[in-house]
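Data first, discussion second: the structure below is written as structure tokens.
Since the structure is predicted, the reported quantities are computational estimates derived from the model, not experimental observations. Side-chain atoms are counted along with the backbone in the values below, which use heavy atoms only and exclude waters and symmetry mates.
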Amino acid sequence: MSVSISAHHEDMVPPEIVSTVFYSATVSDTLAILVAEAAHGGQRLTWCNEGAVKLLGYGVDDVRALPLDQLFPSLGGGELKLLLRRERSARMTVPVRTASGAVIDAVVMTTPDPSGRMWTMRLLSTSNEQERALRATADAHERRFSALTERSPVPTLLSEQGMRLAHVNDAFCSLVGLRAEQLLGTGWINTIHEDDLDGVIEQVAAALDGDEVEIQARLVREDATVRTTVIRFAHLFTPGVGAGFVGTIEDITDRLAFEAKLAHQANHDPLTGLPNRTLLAQYVAERFERGTGALACLFMDLDNFKVVNDSLGHTAGDELLVEVATRLRSTVRPGDLVARFGGDEFVVVCENVDETAAVALAGRVSGALATPMRLGGVDVRPYASVGVTVQTAEHESADELIRDCDIAMYQAKAGGKGRITVLDQQARAEARDKLRLVAELRDAIERREITLTYQPIFSSAEGLPVAVESLARWEHRDRGPISPATFVPLAEESGLISGLGLLVLDETCRQIAEWDHLLGPAAPPRANVNVSALQLDDNLPSQVAAALERHQLEPSRISVEITESALMKDPECAREILQQLRDQGIELAIDDFGTGYSSLAYLRRLPVDCLKVDRSFVAEMAGGHPEIASAVIALAATLNLCTVAEGVETLDQAAELTSLGATFLQGFSLAEPMTGGHAAAWFASHVETSR
């Protein structure tokens, strides 16, 4: 056996050390070492040391002529291949036949050389029972480990030395579509995507140094498809062999695809496929730089979209929205974002355009949308009101830019359908102030800062107070008093009317209960509460009942006032709700009667108790025109209803209304609205005076 060593290579072991080790191994009688070599389709022994001669009893020349199957008489062809692997070291406890024909148990450890054609074999006799038992236990552990690994559904790699795989399980083979023989050694590296290979090698190196690491890497299957995985490497050290690793692989391809699908669904409109409101806000925020004029927004609202839905159905409406989305995509510039803001509203976001270019784009969009399309057998021309806003130095956030664009669209809508409007700064200021006022109103309702005043209502016959009307008041801490004519419509527009109405109802009931406690029989017998048209739904009867029960009041202590216009929006629905209130014992009044459109046929069928004569008709009486007030009072009398004349400003008006037949009177000339505490004192004083 010869050894060739380059004396000039720094990585090679110095020849004198090799010679020393080789000599020691040769003459050692405690280490039994043999060398086998593949030749002529089989393996044969080519060398042994003194220890092997001593253990086996053969001479050196005899060993060179000894077939392996004679040395290991119990090994079949498959077991011999396992012992003499080309890719990895192997270890078995097997019977070994000696020169005398006796068989001894020995641990055989084989290590292939880099060529995979020559093996060093080390034999360790297990001559006593204890050693055999220990060895059997170790072998059993190894078999269990192999069985567990091979049958595990988790793709697993095992290296006992460096990058070379000693083992790979069936799950990994299935993952990459290759056989184990193609992956052992360094074959598994070919499955790593070339762009991820450096990272994987770096992590393997860290694992060989003792770290536990992981990396997301793509694996290329045999059929060229790619799977995305997370590979976790753990350090492994095999005595007598060296540092290796255990790699477990998690295939996250499907999970990533599912997450990507969820992300797309969360950020896109399912009908049109356009980015939705969330992605629009994110897109603008990412590009918004304060103080620059880099962005422009077009806000579009389809005109008469409701008509399409109502006349042709929602399927036709959806078809129209999809067609609009398609036209928008094909009309805007490359790179512009088209989003569906909601309903029939769309937004286009452009970068690096001035106002002129933005308006020109809005014109092209309007023209494209107006091309006729056929829906349900009808030719439809979609028109849109378009608001245009270009970013200015005044915009402090992306939200402000989108909000201003929305305001511009409403300006366009207010000016007439199918218009294009660039944001008007005065309107912008007013809209922003309105938004602030809505927020402040919401806070005022939540903090119960909306207070009530109570205006007495008098019987025209006796001149005695018989009720009060609850009137909501808002004293803004900075703006001062804000008229109900301002904040009630604002509450209706912004969805706050329900909260405001419940506050008024509850506070009125609470105040009545307090008056009862303070005044006893002198307390106001009844309070009239105004209800918005938007409150007129199935919830109203239960809400009124709950408020009465909460403050332990009889239903007769409350009268609900609803405007004429609210009743006429859906008379049948209104009649059902009013009937439920009536069944509870609640009195009902129609407020501002005569100012809206009424159907006298419906009026006769509505379960109401009273008509309130609007203050405008009462005011006309001062100019010598009592005709309408007189007609309303007469109509009520015909229908067997009582009347309350509002806005009585003079005693002459009170006298005239009384002579016309008005049942009750209400106005500044009789009593002004007052707080709950002042009302208590007023009623106490009035009762004392009337005795």
Could you walk me through whether Lys413 and Asp303 pass salt bridge (Lys or Arg N to Asp or Glu O under 4.0 Å), step by step? CA-CA 8 Å; Lys413 186 77 81 177; Asp303 297 329; 2.7 Å; yes
Is it the case that atom NE2 in His678 sees more than 12 heavy atoms from other parts of the structure closer than 6.0 Å? no
Short side-chain to backbone donor-acceptor contact, Ser460 and Thr663, under 3.5 Å: yes
Using a strict cut-off of less than 4.0 Å between a Lys/Arg side-chain nitrogen and an Asp/Glu carboxylate oxygen, indicate whether Lys306 and Asp310 qualify as a salt bridge. yes
State whether the side chain of Thr486 and the backbone N or O of Ile482 hold a donor-acceptor pair below 3.5 Å, judged by distance alone. no
Approximate separation, where rounding is to 0.5 Å, of Cys297 SG and Leu280 CG: 7.0 Å
Between Gln511 and Pro524, is any pair of side-chain heavy atoms under 4.5 Å apart? no
Please assess Phe299 against Phe341 for the test ring-ring contact (aromatic ring centres under 6.0 Å, His included), listing each intermediate value before the final yes or no. CA-CA 9 Å; Phe299 202 118; Phe341 196 76; 4.9 Å; yes
Rounded to the nearest 0.5 Å, what separates atom CG in Leu611 from atom CD1 in Ile633? 10.0 Å
If you round to the nearest 0.5 Å, how far is CD1 of Ile402 from OG1 of Thr389? 10.5 Å
Asp301 (side chain) donor-acceptor with Met409 (main chain) under 3.5 angstrom: no
Worked check of side-chain contact (heavy atoms from CB on, under 4.5 Å) between Asp344 and Val324: CA-CA 9 Å; Asp344 59 341; Val324 167; over 6 Å; no
Output yes when Glu345 and Arg340 qualify as a salt bridge under the 4.0 Å nitrogen-oxygen rule, no when they do not. no
Carboxylate-amine/guanidinium contact Arg557 Asp516, below 4.0 Å: yes
Exam field: side chain Asn267 to backbone Ala263, donor-acceptor pair closer than 3.5 Å: yes
Residue pair Glu646 / Val648, side-chain heavy-atom distance below 4.5 Å: no
Would you name the heavy atoms of Pro607 and Leu588 that are closest together and state the gap between them? O-CD1, 3.0 Å
Working for side-chain contact (heavy atoms from CB on, under 4.5 Å), residues Ile558 and Val529: CA-CA 7 Å; Ile558 287 292; Val529 179; 4.1 Å; yes
Show your reasoning for whether side chain to side chain donor-acceptor pair (under 3.5 Å) applies to Gln653 and Glu649. CA-CA 7 Å; Gln653 287 177 339; Glu649 302 293 344; over 6 Å; no
Start with the C-alpha gap between Glu627 and Ser630, add the side-chain angles, then the distance that decides, and say whether side chain to side chain donor-acceptor pair (under 3.5 Å) holds. CA-CA 5 Å; Glu627 297 86 355; Ser630 175; over 6 Å; no
Test item: Asp269 side-chain N/O and Thr272 main-chain N/O as donor-acceptor pair under 3.5 Å: yes
In this structure, CD1 of Ile577 is separated from CZ of Arg582 (nearest 0.5 Å) by 15.5 Å
Donor-acceptor pair, side chain of Gln584 and main chain of Pro541, under 3.5 angstrom: yes
Using the ring of Phe288 (Phe, Tyr or Trp, six-membered ring only), decide whether Arg290 places NZ or CZ under 6.0 Å from its centre and within 45 degrees of its axis. no
Is a side-chain N or O of Gln391 found less than 3.5 angstrom from the main chain of Glu289, in a donor-acceptor match? yes
Should Leu298 and Val347 count as side-chain neighbours, where that means a heavy-atom distance under 4.5 Å? no
Where do Asn309 and Gly317 come nearest, in terms of heavy atoms and distance? OD1-CA, 3.4 Å
Considering only heavy atoms from C-beta outward, does the side chain of Tyr283 approach that of Pro275 to under 4.5 Å? no
Does any donor atom in the side chain of Glu492 or Ser532 lie under 3.5 Å from an acceptor atom in the other side chain? yes
Within a radius of less than 6.0 Å around CG of Asp538, do more than 12 heavy atoms belonging to other residues, nucleotides or ligands occur? no
Once you round to the nearest 0.5 Å, how far does CZ of Arg403 lie from NE2 of His395? 9.5 Å
Would you mind checking if Asp506 and Arg448 are paired as a salt bridge, meaning a charged N to carboxylate O distance below 4.0 Å? yes
Gln411 vs Leu423 side-chain heavy atoms within contact, under 4.5 Å: yes
Which atom of Val380 lies closest to which atom of Pro382, heavy atoms considered: O-CD, 3.4 Å
Quick one: sort the Phe683 and Trp515 rings into parallel, tilted or perpendicular, breaks at 30° and 60°. tilted
In short, Ala671 meets Gln455 closest at the heavy-atom pair O-NE2, 3.0 Å
Assess whether side-chain contact (heavy atoms from CB on, under 4.5 Å) is satisfied between Leu635 and Phe593, documenting all intermediate values. CA-CA 11 Å; Leu635 176 64; Phe593 184 79; 3.9 Å; yes
Flag, side chain of Gln282 to backbone of Thr278, donor-acceptor distance under 3.5 Å: no
The test is side chain to side chain donor-acceptor pair (under 3.5 Å); show your working for Ser616 and Asp614 and say whether it passes. CA-CA 5 Å; Ser616 61; Asp614 187 69; 2.5 Å; yes
Does Arg436 come within less than 4.0 Å of Asp478, counting only side-chain N to carboxylate O? no
One should read off an interatomic distance between Leu337 CG and Leu274 CG, to the nearest 0.5 angstrom, of 8.5 Å
Validation row, ring centre Phe458 to ring centre Phe664 under 6.0 Å: no
Is a side-chain N or O of Asn276 found less than 3.5 angstrom from the main chain of Leu279, in a donor-acceptor match? yes
Report yes if some heavy atom in the side chain of Val531 is under 4.5 Å from a heavy atom in the side chain of Thr563; otherwise report no. no
So, does Ser685 use its side chain to make a donor-acceptor pair with the main chain of Ala681 at under 3.5 Å? no
Closest contact, heavy atoms only, Leu518 versus Ala680: CD1-CB, 4.5 Å
For the pair Thr451 and Trp474, evaluate side-chain contact (heavy atoms from CB on, under 4.5 Å) and give the outcome as yes or no after the intermediate values. CA-CA 6 Å; Thr451 59; Trp474 183 16; over 6 Å; no
Beyond-backbone contact of Val349 with Val338, side-chain heavy atoms, under 4.5 angstrom: no
Taking the side chain as C-beta and beyond, is there a heavy-atom pair between Leu437 and Arg479 under 4.5 Å? yes
N-O pairing of Glu440 and Arg477 below 4.0 Å: no
Check this for me: does any side-chain nitrogen of one of Glu493 and Lys434 sit under 4.0 Å from a carboxylate oxygen of the other? yes
Of all residues at least two apart in sequence or in a different chain, which pass the ring-ring contact (aromatic ring centres under 6.0 Å, His included) check with His268? His264
Can Glu514 and Arg510 be counted as an ion pair, charged N to O under 4.0 angstrom? yes
Please test Lys612 against Glu469 for salt bridge (Lys or Arg N to Asp or Glu O under 4.0 Å), starting from the C-alpha separation and ending with a verdict. CA-CA 12 Å; Lys612 297 196 75 172; Glu469 180 181 3; 3.2 Å; yes
